[in-house]
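Beneath this line is the structure, given in structure tokens, with notes to follow.
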Amino acid sequence: MKSIEIYFFSGTGNAKRIALWINHQAQKHLIPCHLHNIAHIKFKSFEVPEKGSSIFIISPIHGFNFPKITLDFIRNFPKGSNQVVLMNTRGGMKIGNWVTPGLTGIAFFLSSLWLKIKGYTIQGQIPYDMPSNWISLHPAIRPKASGFIHEVIKNRVEKHCEMLFRGNNLFISRREIIQDVLIAPISFLYYFFGRFFLAKTFYASHHCDNCGICIKDCPVDAIVEVNGRPFWTHKCENCMHCMNNCPQNAIEVSNVLGIVSFLVYSIVTAIIFRFLSFDFQLGVIAKFLVTNLIFFLILYFLYYIQHQILRNNFIAKLIAHSSLTFYKFWGRYKSMVTKDKKK
């Protein structure tokens, strides 16, 4: 490799950590390497990589696909003939001395297709099972386990870099092609529906001091100020950056809102489709779309109501104490900086 351009998107630091490890290995091999944060790239002033420069694209997996910001970046990437290495970070867990593998889904299929149409050659597709950061769904991985996973993956990155730098192709993802194909439908459901639901689960508790860090640092500008409080819009990528970087640990996930939304949705759809005979003789797909539209209208309305009543300190405390993320045992996660192994 003559030179490397690394493009990464990162919420809690996992993908950035991979980028930094690759950059370190490139420096050891005296290969010029430049890092670019996808969240900061403006395509109007985008500089096309030099011909012959290798391109690395690194991003987390959200809902068994790359997040929208990464997909948009690849879709808008200018035409070229460079070699491209696609990498992702997935949710890994530690069981004994084993790091559990995550799932890539359609991320590599879709991205490779777009890049090949643009003229690029795919040199590698490599998943890395970094510590799972999706703490809206599970407690944060403890520091000791995170440190172990980091060391395991760091060693893999170093090994893979040695192969890639010599010009070898490396398609680790092909070993998991069967399960990735099987979960493809979930990838589409998440992209068109799931991510919007999760975006409306975040809120700022009574511990919020309105410092504005979450609004300022959001990689996709998805958080705005409404009535003096942070408000999550549909642009949210669920990258967990805000939740894991809030100085007050004030950003929570509203479990109650999800439950109430489903209950109200069940009642409303029961009335519409049964008591009012409002079935339209809809087909399966049409009915699926209509019911999801009803659900999201309810969710967005209730989210706005919740945002309003959070101004009442007593109600805010009640909502906070009903959120699992509020309790200390749930924790927060940031990618750890691991020291280079002594040779």
Side-chain angles (χ1 to χ4, degrees), residues 8-22 57-67 70 85-111 124-161 163 170-191 194-195 198 237-241 243-244 253 324-325 329-339 341:
F8 69 90
F9 171 69
S10 191
T12 56
N14 282 339
K16 183 177 181 180
R17 185 60 50 205
I18 299 293
L20 291 171
W21 285 335
I22 296 171
I57 299 176
I58 309 168
S59 173
I61 292 296
H62 290 179
F64 310 123
N65 196 0
F66 281 145
T70 305
V85 178
L86 292 169
M87 296 178 169
N88 70 54
T89 56
R90 314 179 301 188
M93 299 283 187
K94 178 182 180 293
I95 298 180
N97 291 322
W98 180 54
V99 178
T100 62
L103 292 168
T104 294
I106 65 172
F108 287 153
F109 299 132
L110 190 59
S111 302
Q125 296 174 340
I126 309 171
Y128 289 114
D129 300 303
M130 293 288 276
S132 177
N133 68 350
W134 220 338
I135 62 171
S136 62
L137 301 179
H138 63 73
I141 295 179
R142 297 301 178 248
K144 185 176 180 180
S146 295
F148 174 85
I149 296 173
H150 275 77
E151 288 299 329
V152 170
I153 301 304
K154 182 172 183 287
N155 290 335
R156 290 182 190 174
V157 170
E158 292 175 353
K159 177 183 176 181
H160 294 159
C161 282
M163 300 173 69
L170 195 57
F171 290 87
I172 305 294
S173 62
R174 288 178 179 173
R175 303 170 185 171
E176 305 167 349
I177 190 169
I178 295 177
Q179 53 262 47
D180 285 339
V181 170
L182 290 175
I183 62 173
I186 301 176
S187 304
F188 290 103
L189 288 173
Y190 176 84
Y191 185 84
R195 63 193 179 98
L198 291 174
E237 295 277 10
N238 306 292
C239 71
M240 303 296 153
H241 181 86
M243 179 178 284
N244 288 286
V253 168
L324 292 173
T325 53
F329 80 90
W330 204 264
R332 295 294 187 266
Y333 170 78
K334 292 183 183 179
S335 181
M336 298 168 57
V337 179
T338 56
K339 297 180 179 179
K341 293 173 63 178

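Owing to the predicted nature of the structure, the values given are computational and were not obtained by experimental measurement.
I22 places a side-chain heavy atom less than 4.5 Å from the side chain of I58. Proximity of L103 to Q179: side-chain heavy atoms (C-beta onward) are separated by under 4.5 Å at one or more points. With a 4.5 Å cut-off on side-chain heavy atoms, S146 and K334 do not count as touching. Looking at T325 and R332, their side chains come closer than 4.5 Å, going by heavy atoms from C-beta outward. Looking at I153 and I18, their side chains come closer than 4.5 Å, going by heavy atoms from C-beta outward. Between N97 and F148, some side-chain heavy-atom pair lies under the 4.5 Å cut-off. Using a 4.5 Å heavy-atom cutoff, the side chains of S132 and H138 are in contact. In this structure, R195 and H62 have side chains that are not in contact, with every pair of non-hydrogen atoms separated by 4.5 Å or more.
To the nearest 0.5 Å, the span separating CG on L110 from OG1 on T70 amounts to 11.5 Å. In this structure, CH2 on W134 lies 12.0 Å from OG1 on T12, to the nearest 0.5 angstrom. In this structure, I149 CD1 and E151 CD are separated by 11.5 Å, a value rounded to the nearest 0.5 Å. To the nearest 0.5 Å, atom CZ of residue F9 and atom CD of residue E237 are 5.5 Å apart. The CG atom of L170 sits 4.5 Å away from atom CE of M163, with the distance rounded to the nearest 0.5 Å. To the nearest 0.5 Å, atoms CE (M87) and CD1 (I57) are separated by 11.0 Å.
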Does the side-chain contact (heavy atoms from CB on, under 4.5 Å) test come out yes or no for Y191 and I106, once each step is laid out? CA-CA 11 Å; Y191 185 84; I106 65 172; over 6 Å; no
Please step through side-chain contact (heavy atoms from CB on, under 4.5 Å) for the pair E158 and W21, ending with a clear verdict. CA-CA 8 Å; E158 292 175 353; W21 285 335; over 6 Å; no
Taking it one step at a time, do W98 and V152 satisfy side-chain contact (heavy atoms from CB on, under 4.5 Å)? CA-CA 9 Å; W98 180 54; V152 170; over 6 Å; no
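When all heavy atoms of S335 and R17 are compared, the closest pair comes out as OG-CB, 3.6 Å. Between V253 and S136, the shortest heavy-atom distance links the atoms CG2-CB, 3.4 Å. Taking both residues in full, the closest heavy atoms of V99 and G92 are given as CG1-CA, 4.5 Å, listed atom of the first, atom of the second, then distance. Considering all non-hydrogen atoms of both residues, A15 and S10 come closest at N-OG, 3.6 Å. A107 and I61 get closest at one heavy-atom pair: CB-CD1, 3.5 Å.
Put simply, the side chain of D129 gets close to the backbone of G102: a donor and an acceptor are under 3.5 Å apart. For the pair W330 (side chain) and A140 (backbone), a donor-acceptor distance under 3.5 Å is absent. Between the T100 side chain and the M93 main chain, a donor and an acceptor come within less than 3.5 Å of each other. Using a distance-only test at 3.5 Å, with no hydrogens or angles considered, a donor-acceptor pair links the side chain of S187 to the main chain of F64.
The 12-atom threshold is exceeded at NZ of K94, counting heavy atoms of other residues, nucleotides or ligands nearer than 6.0 Å. Within 6.0 Å of CZ on F188 lie no more than 12 heavy atoms contributed by other residues, nucleotides or ligands.
A perpendicular orientation is assigned to the rings of F108 and F66, their planes being inclined by more than 60° (bins at 30° and 60°).
Looking at T104 and N88, their side chains do bring a donor and an acceptor atom within 3.5 Å of each other. In this model, no donor atom of one side chain and acceptor atom of the other lie less than 3.5 Å apart for N14 and T89.
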